[in-house]
Amino acid sequence: MRIYKNDDGSVEKVHYDESTGKMHVKRETDVSSVIELNKKQFNEADRHYKSDVMNHVARIPVDLLMQWLQLKGITYTEFMND
């Protein structure tokens, strides 16, 4: 197994299974800093709009978005166009 640490803080664990000839990649990302930043910004928000439509609510980590897209069978382009 090989472990790669990426600049974005994520870690990829790559394992090649010789018996099946398949490679398995597991990607892990610590999103705790994004969650803490979301909490801080939400609590400090100006909220000068009367509805939640125009107020910033949260940031979504890219890895979480990509996992959700894959789960739903949606391409990134479809997501951005919707």
Side-chain angles (χ1 to χ4, degrees):
M1 179 183 303
R2 292 187 181 227
I3 299 175
Y4 300 94
K5 294 183 179 180
N6 301 311
D7 292 338
D8 64 359
S10 64
V11 176
E12 291 179 354
K13 297 176 181 178
V14 180
H15 172 72
Y16 178 72
D17 187 344
E18 292 183 21
S19 64
T20 62
K22 293 183 179 181
M23 183 179 299
H24 304 275
V25 179
K26 181 178 182 179
R27 184 176 174 101
E28 299 174 352
T29 304
D30 181 4
V31 296
S32 58
S33 61
V34 176
I35 292 170
E36 291 305 314
L37 179 61
N38 282 338
K39 288 178 188 177
K40 181 180 180 219
Q41 289 180 336
F42 182 80
N43 291 330
E44 295 175 352
D46 183 7
R47 292 192 184 71
H48 55 274
Y49 295 104
K50 291 184 180 185
S51 72
D52 288 336
V53 175
M54 295 301 291
N55 291 310
H56 181 267
V57 177
R59 298 180 193 285
I60 300 172
V62 173
D63 286 343
L64 185 61
L65 171 64
M66 298 309 284
Q67 183 180 5
W68 182 80
L69 292 175
Q70 185 178 17
L71 207 91
K72 296 294 183 181
I74 303 169
T75 67
Y76 183 74
T77 303
E78 290 171 326
F79 172 75
M80 293 304 291
N81 287 333
D82 188 0

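Because only heavy atoms are used, hydrogens play no part in the values below, and waters and symmetry mates are left out as well, while side chains stay in.
Rounding to the nearest 0.5 Å places NE2 of His24 at 10.0 Å from OH of Tyr16. Taking CD from Glu12 and NZ from Lys26, the interatomic distance works out to 13.0 Å, rounded to the nearest 0.5 Å. One distance of note links CE of Met1 with CD1 of Ile3; it measures 6.5 Å at 0.5 Å rounding.
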Expected list for residues 65-77: side-chain donor-acceptor pairs under 3.5 angstrom, two or more places apart:
residue : atom : partner : partner atom : Å
Thr75   : OG1  : Glu78   : N            : 3.0
Thr75   : OG1  : Glu78   : OE1          : 3.3

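Residue Leu64 places its CG atom among more than 12 non-hydrogen atoms of other residues, nucleotides or ligands, all under 6.0 Å distant.
Residues Pro61 and Val31 come closest through the heavy atom pair CG-CG1, 3.5 Å.
Looking at residues two or more places apart in sequence or on another chain, you find a side chain to side chain contact (heavy atoms under 4.5 Å, CB included) between Lys5 and Val11.
Between the Asn38 side chain and the Arg59 main chain, a donor and an acceptor come within less than 3.5 Å of each other.
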